[in-house]
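So that the names make sense, note that chain A is the first sequence line, chain B the second, and so on, each numbered from 1.
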Amino acid sequence: MSRRLVPVDRRILEQNIKARYHAGDIGTQDALHLFDELLQCAGSSSIRAINYLVTTVGRDCPALGVSLFNRVASANVAPNSITYTILVDCCCRAGRLDLGFAAMGHIIKMGFAADAIVTFSHLLNAICAEKKTSYAMDIVLRIMPMFNCVPNIFSYSILFKGLCNEKRSQEALELIQVMVEHGGSCQPNVVSYSTVIDGLLKEGLVGKAYSLFCEMLQRGISPNAVTCSSIISGMCKAQSMDKSEEVLQQMLDRRILPDVTTYNSLIHGYYSSGRCKEVDRIFQEMSRNGVQPNIVTYNIQMDYLCKSGRCAEARKIFDSMIGLGQKPDVTTYSILLHGSAMEKSFHEMHCLIDLMVGNGISPDHHVYNILISAYAKEETVGEVMHIFTKMRQQGLNPNVANYGAAVNLLSKIGRMDDAMSQFNQMITEGLAPDIIVFTPLISGFCSCGKWEKVDELFSEMLDRGICPNTVFFNTIMDRLCKNERVMEAQDLFDLMVHMGVKPDVCTYSTLIGGYLFVGKMDEVSKLLDNMVSIGMEPDVITYNILMHLIYLIYIHLVCYVPWTYLI
DNA sequence: CTAGGGTTAG
């Protein structure tokens with residue numbers, strides 16, 4: 001065999017890979033075999049085929065993509081800029097941002113700055129996903145220009161989305177203004193405006209969102225279905241369904257076709273405000289306009305039914321949906337699981353999990369949390385801990401919500417040492433505890449009177465930049481009142497007012513309940529007067545507490561008092 | 001060929 005045959009075989013192999021890649025005809029296993037085969041005879045012409053194979057493997061398993069790159073590097077083939085871009089994407093998706101940066105360094109050293117713009121987008125996405133958008137901003141505004149890599153509209157859009165995800169939509173707004181005033185070649189487009197309008201609306205800044213929308217129109221940029229759907233969704237969340245309908249009408253007037261996402265926002269909005277007849281109307285309008293419901297539409301519908309205690313009807317939709325060829329997703333199962341959890345049907349829950357796994361869907365953090373919370377309500381600590389173990393076995397590290405549910409249970413049953421060890425474990429794993437984790441912990445230490453721990457945790461919470469909210473104070477006051485520590489609850493009420501946190505009806509009801517149980521009736525009437533004077537209506541719970549007192553007095557008089565007289 | 005909208009848990 002002459003050596004000339006090797007290049008011929010190699011070329012056939014390379015062309016074969018290219019054709020199969022473009023036909024979408026290579027599975028991960030095939031790609032691995034082809035990679036072994038190609039690397040044995042690879043020459044400098046092989047890098048394109050290698051890129052196809054690494055892309056294929058990396059899509060499915062990013063870590064494996066990185067290891068293939070290492071084998072390329074040790075063979076006699078020089079990676080090109082595209083190979084490095086694939087490598088950076090794999091590193092990022094494998095959770096190794098550090099390696100992504102190292103690879104980026106190579107790209108820049110080799111003078112691939114022109115190709116680096118797409119690579120930077122992968123890095124920026126990964127940085128923003130870790131909620132480090134400030135750092136991403138530094139890269140776009142300072143580091144990229146330093147390497148003669150001019151940020152494009154994609155780079156900026158990633159920043160806008162990152163800022164909005166961190167509830168920093170006002171900074172995104174400022175950045176848009178800077179881009180416009182600066183007048184550079186990279187100007188905000190419909191995607192930039194839509195992203196920031198959406199972020200502002202999600203933070204409830206309706207006025208600012210509206211101004212930005214007007215500015216966008218003035219600059220001659222036309223809104224599209226995405227822009228309008230964001231606005232409709234924002235109006236639905238602000239409980240202004242009439243405004244949502246107005247925007248829908250304006251869409252139709254402007255010949256912007258509403259799609260399934262637009263209708264899903266409206267359907268969810270009407271369900272949330274309890275206007276089911278309007279939902280029927282939207283469904284009719286959808287079908288008149290030729291828009292088919294999708295999995296999200298059915299999920300919204302099933303969630304409404306489950307939360308209204310109509311799980312059986314939700315299950316009927318689930319079954320009919322499968323008949324229509326719609327594949328349930330992980331959210332579908334979460335919704336049905338949550339419904340079964342509300343009905344305390346643990347058997348049904350396990351059936352659903354089996355069905356889900358059987359259909360090739362792995363449980364995620366939401367699914368596990370529904371199980372954790374369900375067992376937590378039953379106060380079965382063993383089961384809860386078992387779920388944590390199962391999650392880790394599946395390679396899924398528990399998140400803040402999962403720890404929150406466990407800490408809540410342990411604090412409620414007074415196992416404060418165990419609650420603290422979960423809390424510490426969570427911090428060890430690099431998770432940032434939020435207000436919903438601190439609330440049960442601090443209230444647990446309050447009810448057993450460990451004030452030094454209360455002070456310590458409260459300071460830690462403030463140090464982490466977490467402000468106590470109304471629910472925080474209500475929860476702790478409730479616990480104190482139930483332990484006949486109404487004086488401490490009163491101190492907390494004063495602190496709350498001092499810190500500018502607004503008491504709500506629940507705060508007053510709790511404190512009234514606390515005074516009732518220790519028989520301080522003068523304080524009860526003082527608080528009721530206080531409520532009325534600030535224009536707050538006592539609600540059902542307030543009256544329930546008052547009626548409970550009347551019931552206690554009745555029991556005391558009718559049963560207890562005569563009985564003592566007899567003795 | 002890298003950017004934007006709708007649903008789920010503590």
- Task: Give me the ring orientation class for A:Y52 and A:H22: parallel if the planes are under 30° apart, tilted from 30 to 60°, perpendicular past 60°.
- Result: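 A:Y52 and A:H22: perpendicular rings.
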
- What is the ring orientation for A:Y375 with A:H350, classed by angle as parallel under 30°, tilted 30 to 60°, or perpendicular over 60°?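 Aromatic pair A:Y375/A:H350 classed tilted.
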
Would you say the side chain of [X] and the base of [N] hold a donor-acceptor pair, judged only by whether the two atoms sit under 3.5 Å apart?
| X | N | result |
| --- | --- | --- |
| A:S229 | B:dG5 | yes |
| A:N299 | B:dG6 | no |
| A:T262 | B:dG5 | yes |
| A:N399 | B:dA9 | yes |
| A:T195 | B:dG4 | no |

Hey, does [X] reach any base, or is it just sugar-phosphate, or nothing, if we go heavy atoms under 4.0 Å?
| X | result |
| --- | --- |
| A:D434 | base |
| A:V437 | base |
| A:V367 | nothing |
| A:V190 | base |
| A:I300 | sugar-phosphate |
| A:S157 | base |
| A:T227 | base |

- Point-to-point distance, once rounded to the nearest 0.5 Å, from OG of A:S192 to NZ of A:K161: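 Output value for this atom pair is 13.0 Å.
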
Considering only side-chain heavy atoms of [X], which listed nucleotide, [options], is closest?
| X | options | result |
| --- | --- | --- |
| A:N294 | B:dG10, B:dG6, B:dT8 | B:dG6 |
| A:V296 | B:dG5, B:dG6, B:dA9 | B:dG6 |
| A:D329 | B:dA9, B:dT2, B:dT7 | B:dT7 |
| A:K202 | B:dA9, B:dG6, B:dT8 | B:dG6 |
| A:A225 | B:dA9, B:dG5, B:dA3 | B:dG5 |
| A:N408 | B:dT2, B:dG4, B:dG10 | B:dG10 |
| A:S373 | B:dG10, B:dT8, B:dG5 | B:dG10 |
| A:N189 | B:dA3, B:dG4, B:dT2 | B:dA3 |
| A:H338 | B:dG10, B:dG6, B:dG5 | B:dG10 |
| A:D259 | B:dG10, B:dT2, B:dG5 | B:dG5 |

Rounded to the nearest angstrom, tell me the gap between atom [atom1] in [X] and atom [atom2] in [N].
| X | N | atom1 | atom2 | value |
| --- | --- | --- | --- | --- |
| A:M342 | B:dT8 | CE | C1' | 12 Å |
| A:Y156 | B:dG4 | OH | C1' | 18 Å |
| A:I107 | B:dT2 | CD1 | C1' | 13 Å |
| A:I370 | B:dT8 | CD1 | P | 11 Å |
| A:L212 | B:dG5 | CG | C1' | 15 Å |
| A:E203 | B:dG5 | CD | P | 14 Å |
| A:I267 | B:dG5 | CD1 | P | 19 Å |
| A:L159 | B:dA3 | CG | P | 13 Å |

- With a 4.5 Å limit on heavy-atom distance, are the side chains of A:V118 and A:F154 in contact?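 No; the side chains remain at least 4.5 Å from each other.
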
- Looking at A:K344 and A:E378, does any basic side-chain N land under 4.0 Å from a carboxylate oxygen?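 Counted as a salt bridge, because a side-chain N and a carboxylate O are separated by less than 4.0 Å.
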
- B:dA9 OP1/OP2 closer than 4.0 Å to side-chain N/O of A:K307: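 Affirmative; the distance criterion is met.
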
- Query: Are any of A:H268's side-chain N or O atoms less than 4.0 Å away from OP1 or OP2 of B:dT7?
  - Reply: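 It does, given that an N or O in the side chain of A:H268 lies less than 4.0 Å from OP1 or OP2 of B:dT7.
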
- Answer with yes or no whether the side chains of A:Q250 and A:E246 bring together a donor and an acceptor at under 3.5 Å.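 Result is no, nothing qualifies.
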
- Item | Backbone of A:C236 reached by a side-chain donor or acceptor of A:S240 within 3.5 Å |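 Not confirmed, A:S240 side chain does not pair with A:C236 backbone.
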
